[in-house]
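Okay, structure first, notes after.
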2 protein chains.
Amino acid sequence: MEETTWRPVRGTRVSEEVIEQIREAFFGGLQPGDWLGTETELAERFGVSRITIRDAVRTLEARGIVDVKVGARGGLRIAEADQDRFIDALAVQLHLLGVTFTEVIEAQCAIEPLTASMAARQATDEQLRRVAATITAANEVIGDPAAFTERSLDFHIAVAEASGNRALHATLIAFTTVQKPKMAPRANERRARRVVKIHEEIYQAIADGDEERARTLMDDHVRSVRREHPETPLL
Amino acid sequence: MEETTWRPVRGTRVSEEVIEQIREAFFGGLQPGDWLGTETELAERFGVSRITIRDAVRTLEARGIVDVKVGARGGLRIAEADQDRFIDALAVQLHLLGVTFTEVIEAQCAIEPLTASMAARQATDEQLRRVAATITAANEVIGDPAAFTERSLDFHIAVAEASGNRALHATLIAFTTVQKPKMAPRANERRARRVVKIHEEIYQAIADGDEERARTLMDDHVRSVRREHPETPLL
DNA sequence: GAAAATTTGTTCGTATGTATC
DNA sequence: CGATACATACGAACAAATTTT
């Protein structure tokens, strides 16, 4: 309920101290859903004002460490995992670094053949079903470049998910998110049909459990996408 | 100076609206160091109180989008790239997901052979020098497991940097950071000497511009590290 | 180097909207 | 539906840090 004892704080940016203590408690074993208290309670316990606590809470929330709810039985809890927040952080950093589209594609060339072969080895039926669903979905909007691009990238993400490796999955989501805006203009219908065909082949290899073929097909596929896009700044 | 025009806002969590607008402007082309205004100015422009702006600022700061400075000519600016924030975001995410050490190593198995071969193709003299420096540094602390692990991982990061791909570089930094704590205990001196020898071979292949050899050596190296570590939760 | 100006950091008090009981 | 618990938001003020004068 409330075994954790907070040290009273004083220093430059008191809210930083609050953040640090809650962060330590988080990495010290707090689990998603664990109750932290209300803003008023925390203000009293840390010996600071409610506004200082709010500063800390906003930061912790942005980092994905806590969730905030209003109303009775509201207050602060340890957050559930939320990939969006991690993805946003990666997107921001890639933007600041001025990373190019080519760099992101190259990174995908490294990752995706492996996710495909891992998926072929160990994808569950549910995961396979989801991969197949992304192909169907993309096929339905084959004439709409923006929509097709979006759902086509979903295929790659679904394959990564089927790999069973959450580190690769999260990383790939981040990469596809950042490159999405640059892909759309080139997804004309002829190209789109070819992409669907290749996705289907890759899916079949994965479903057949043919690791080597899945790896090779995905490798060719990602490399061809890379060739089709000229060197451009990403953002 | 101030061409960006902010829409006035109203809705649930007004600060979210402020965050979204500044975020859009950020991805819309604002550059690191660009001036956004003071908290008071933004409060007036958005038509909200300064406290609401502060909520937004704390979130934007945590996401790595803005930097805040106090004093005359202080206020909000677009942030410089800061890898630490990205790394922290990834660490939080992996903690919440309960990702295993093995998953992270697997991800490295996908990425590092490519960084090695890319480095062999295009590393600058300066980058090569830095790779060599990490080997020397690791060799100097070969009896100290924690220090050796740290500098040994620096080798992998230096190779990724030498690849010239910042997306891979940033990703690898994050991965090595979260796995560091689990690696240290296993870096006994015998193992350490073997690692140094392999790192030297990889460096030589990169310096010789032998892409294929660099790729193969790195592949073997990462896979052997993977074999040596049992399946364990990362955190 | 000291004083003034600027700007965030922090506090208190209060009002309002919203979710739960 | 009313009461309660809680975050959200506003305003006014002073403290502390930093740059300019």
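Sequence lines set the chain letters: A, B, ... in the order given, protein chains first and strands last, and positions in each chain run from 1.
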* Kindly write out the residues that satisfy salt bridge (charged side-chain N to carboxylate O under 4.0 Å, His left out) with Asp82(B), not counting sequence neighbours, or none if the list is empty. => Arg85(B)
* To do: Salt-bridge test for Arg226(A) and Glu112(A): reply yes if a basic N is under 4.0 Å from a carboxylate O, no otherwise.
  => no
Specify the separation, in whole Å, of atom [atom1] of [X] and atom [atom2] of [N].
X: Glu39(A); N: dT14(C); atom1: CD; atom2: C1'; value: 16 Å
X: Glu17(B); N: dT8(D); atom1: CD; atom2: C1'; value: 15 Å
X: Asp67(A); N: dA7(D); atom1: CG; atom2: P; value: 13 Å

* Residues in side-chain contact (heavy atoms from CB on, under 4.5 Å) contact with Ile51(B), at least two apart in sequence or another chain -> Ile51(A), Ser49(B)
* Asked: Can you list the residues that meet the side-chain contact (heavy atoms from CB on, under 4.5 Å) rule with Asn165(A), with sequence neighbours excluded?
  -> Met118(A), Ser163(A), Ala167(A), Leu168(A), Glu103(B), Glu106(B)
Which protein N or O atoms sit under 3.5 Å from an N or O of nucleotides 18-21 of chain D?
unit_1, atom_1, unit_2, atom_2, d
dT18(D), O2, Ala72(B), N, 3.2

Sequence neighbours excluded, which residues qualify as ring pair (Phe, Tyr, Trp, His ring centres under 6.0 Å) partners of [X]?
X: Phe148(B); result: none
X: His199(B); result: Phe155(B), His156(B), His221(B)
X: Phe175(A); result: none

* Of all pairs that satisfy salt bridge (charged side-chain N to carboxylate O under 4.0 Å, His left out), the ones with a partner from residues 148-163 of chain B, not counting sequence neighbours -> Arg130(B)-Glu161(B), Glu150(B)-Lys180(B)
* Can you tell me if the side-chain N/O atoms of Thr38(A) get under 4.0 Å from OP1 or OP2 in dA5(D)? -> no
* Enumerate the residues from residues 50-66 of chain A whose closest heavy atom to DNA chain D is under 4.0 Å, giving them by residue number; use none for an empty result. => Arg50(A), Arg54(A), Arg58(A)
